[in-house]
Number of protein chains: 2
Amino acid sequence: MSLLHAVLGFVAIQPMTGYELGKAFSTTAAHFWPADQSQLYRTLHRAEADGLVESTTVEQATRPDRRLYTLLEPGREALEAWLASPLEPDNSREPFLLRLFFAASLGTSGVIELLDQRRSAAVELLTTLDALASSAPRKTSLAIQLQYATLESGRAHARAEITWLDELRAQLANHKESAR
Amino acid sequence: MSLLHAVLGFVAIQPMTGYELGKAFSTTAAHFWPADQSQLYRTLHRAEADGLVESTTVEQATRPDRRLYTLLEPGREALEAWLASPLEPDNSREPFLLRLFFAASLGTSGVIELLDQRRSAAVELLTTLDALASSAPRKTSLAIQLQYATLESGRAHARAEITWLDELRAQLANHKESAR
DNA sequence: TCCGAATATAGGACAAGTCCTATATGGCGT
DNA sequence: ACGCCATATAGGACTTGTCCTATATTCGGA
């Protein structure tokens, strides 16, 4: 349901085509809201059918025609209603934790390998986010500040993840040693 | 797809009924893997159809019959294969970040309210996890250690979330003040 | 010269998860 | 006395998201 709201949010900033929306997602929102291309276009169709947005076809000579989507008043209302609605309880899935939970049969050394793999991925994510953060624009408007804040959130959680992994790893390694 | 693996993981520890599985999820894995009751039973049916588990009906006088599921060899292999498979890239959705990203139209004070709501939820989660952690058994086996580690992960991330929220809140409040 | 990437939109098939309801009974609180 | 909760399993309807493919052209690199 939320992809619709994200679409409305982007279109509220500026009228866009589906393709541009895809770009906007992958460059600015990918780390907290991956958007499938197919799903994006379907959501746009539905939003238009529901009268939330309006599209105008822009013909192009060589490229396929572009459909430029504009936010309509009902769409803006839906967006504001979403922003003001109570926060839904957070029930996110953590595939890594699920695996770790059941990983005992890998043995201590196997689990440590798992932790190292996860650590690599977390470090990679963190460096990506660091790069994005350092190339971010000056925080002039509230909107820009908030967009930057989502980056900061990702960095904070990535750092927390790495710290947790290191502590767990040390604990397991230590335990293994003393068990010798 | 992962619910299947979680089911195999639990049944590997001990043969269980669907109902007991539901309990196991909600008491030990709820914070990183919510399991819908309907989905659970469907997954069990499929796992049995696929020859991964086997069920025996235990008749009861007053209560409905219980179907006790046992892990079969192919199921154990599937579980081990999953544990040894490469980590999938992490693409989790963060509805709160999505909302924050587009929340500028709420104004600084509206955003601060949003942050406060989120903070309350995070604090509540943290205290729940703290309680679970303090009532956790002694970390004797590797399995118990890993299960405890998932709790620690939740706590680490909850604390990171609270810290991030506090910093952002201070920054926004400060900005608002200096803009007067 | 050929292959892939970028531009631009769209549909089909499928997987996974959510929400609601149904069935049947016993115990507990108010 | 009445309703709700726990026990125990299951199906229907629906939403959301994923993966793959199709279409059509242009440009750049190996």
Side-chain angles (χ1 to χ4, degrees), chain A residues 1-8 10-11 15-27 29-30 32-50 53 55-69 82 88-95 98, chain B residues 1-8 10-11 15-27 29-30 32-50 53 55-69 82 88-95 98:
Chain A
M1 193 49 91
S2 282
L3 183 62
L4 171 63
H5 299 122
V7 163
L8 297 177
F10 273 121
V11 173
M16 297 175 103
T17 68
Y19 190 78
E20 288 167 340
L21 264 170
K23 292 266 157 171
F25 269 101
S26 65
T27 58
F32 61 88
W33 206 272
D36 180 76
Q37 176 263 1
S38 239
Q39 183 75 2
L40 241 184
Y41 282 103
R42 271 194 264 257
T43 301
L44 281 169
H45 288 315
R46 190 159 70 87
E48 182 161 33
D50 292 350
V53 298
S55 76
T56 55
T57 302
V58 182
E59 284 173 38
Q60 299 197 120
T62 71
R63 306 293 181 190
D65 293 350
R66 315 165 78 222
R67 316 195 94 224
L68 191 65
Y69 287 88
W82 171 62
E88 63 263 46
D90 189 3
N91 56 346
S92 59
R93 290 193 163 129
E94 302 289 345
L98 187 67
Chain B
M1 194 47 94
S2 281
L3 183 62
L4 171 64
H5 298 121
V7 163
L8 296 178
F10 272 121
V11 174
M16 297 176 103
T17 69
Y19 191 77
E20 287 168 340
L21 264 170
K23 293 266 157 172
F25 269 102
S26 63
T27 57
F32 61 88
W33 206 272
D36 181 75
Q37 176 262 1
S38 240
Q39 183 73 3
L40 240 184
Y41 282 102
R42 271 193 262 259
T43 301
L44 281 169
H45 288 316
R46 191 159 69 86
E48 183 161 31
D50 292 350
V53 297
S55 76
T56 55
T57 301
V58 181
E59 284 173 37
Q60 301 197 119
T62 72
R63 305 291 181 192
D65 293 351
R66 315 165 78 221
R67 315 196 96 224
L68 190 65
Y69 287 89
W82 170 62
E88 63 263 48
D90 189 3
N91 57 346
S92 59
R93 294 196 156 118
E94 302 290 343
L98 187 68

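The structure presented is a predicted model; accordingly, all values stated were derived computationally and were not measured. In what follows, chains carry the letters A, B, and so on, assigned in the order in which the sequence lines appear, proteins first and then strands, with residues in each chain numbered from 1.
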Point to revise | Degree of bending in the helix from dT1(C)-dA30(D) to dT30(C)-dA1(D) once both end axes are built from five pairs, to 10° | key: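 The end-segment axes of the helix from dT1(C)-dA30(D) to dT30(C)-dA1(D) are tilted 40° relative to each other.
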
What is the distance, rounded to the nearest whole Å, between atom [atom1] of [X] and atom [atom2] of [N]?
X: Met16(B); N: dT7(D); atom1: CE; atom2: C1'; value: 15 Å
X: Leu40(A); N: dA10(C); atom1: CG; atom2: C1'; value: 12 Å
X: Glu88(B); N: dC19(D); atom1: CD; atom2: P; value: 11 Å
X: Glu20(B); N: dA6(D); atom1: CD; atom2: C1'; value: 14 Å

**Study point:** Aromatic plane relationship, Trp82(A) with His5(A) - under 30° parallel, 30 to 60° tilted, over 60° perpendicular
**Key:**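 Ring orientation of His5(A) relative to Trp82(A): parallel.
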
Exercise for review: Under 4.0 Å between any heavy atoms, over every strand shown, what does Thr17(B) touch: base, sugar-phosphate, or nothing? Just pick one.
Suggested key: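 Touches sugar-phosphate only.
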
Pairwise N/O distances under 3.5 Å, protein to nucleotides 20-28 of chain C:
{"unit_1": "dT25(C)", "atom_1": "O2", "unit_2": "Arg63(B)", "atom_2": "NH1", "d": "3.3"}

Using a cut-off of strictly less than 4.0 Å, decide whether [X] has a side-chain nitrogen or oxygen near OP1 or OP2 of [N].
X: Arg66(A); N: dA10(C); value: no
X: Lys23(A); N: dA6(C); value: no
X: Tyr19(B); N: dT7(D); value: yes
X: Arg42(B); N: dT9(D); value: no

**Study point:** Verdict with supporting geometry, Lys23(B) and Met16(B), side chain to side chain contact (heavy atoms under 4.5 Å, CB included)
**Key:** CA-CA 10 Å; Lys23(B) 293 266 157 172; Met16(B) 297 176 103; over 6 Å; no

Point to revise | 5' priority, DNA chain D, between Leu3(A) and Tyr41(B) [closest heavy atom] | key: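 Looking at DNA chain D, the more 5' nearest nucleotide goes with Tyr41(B).
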
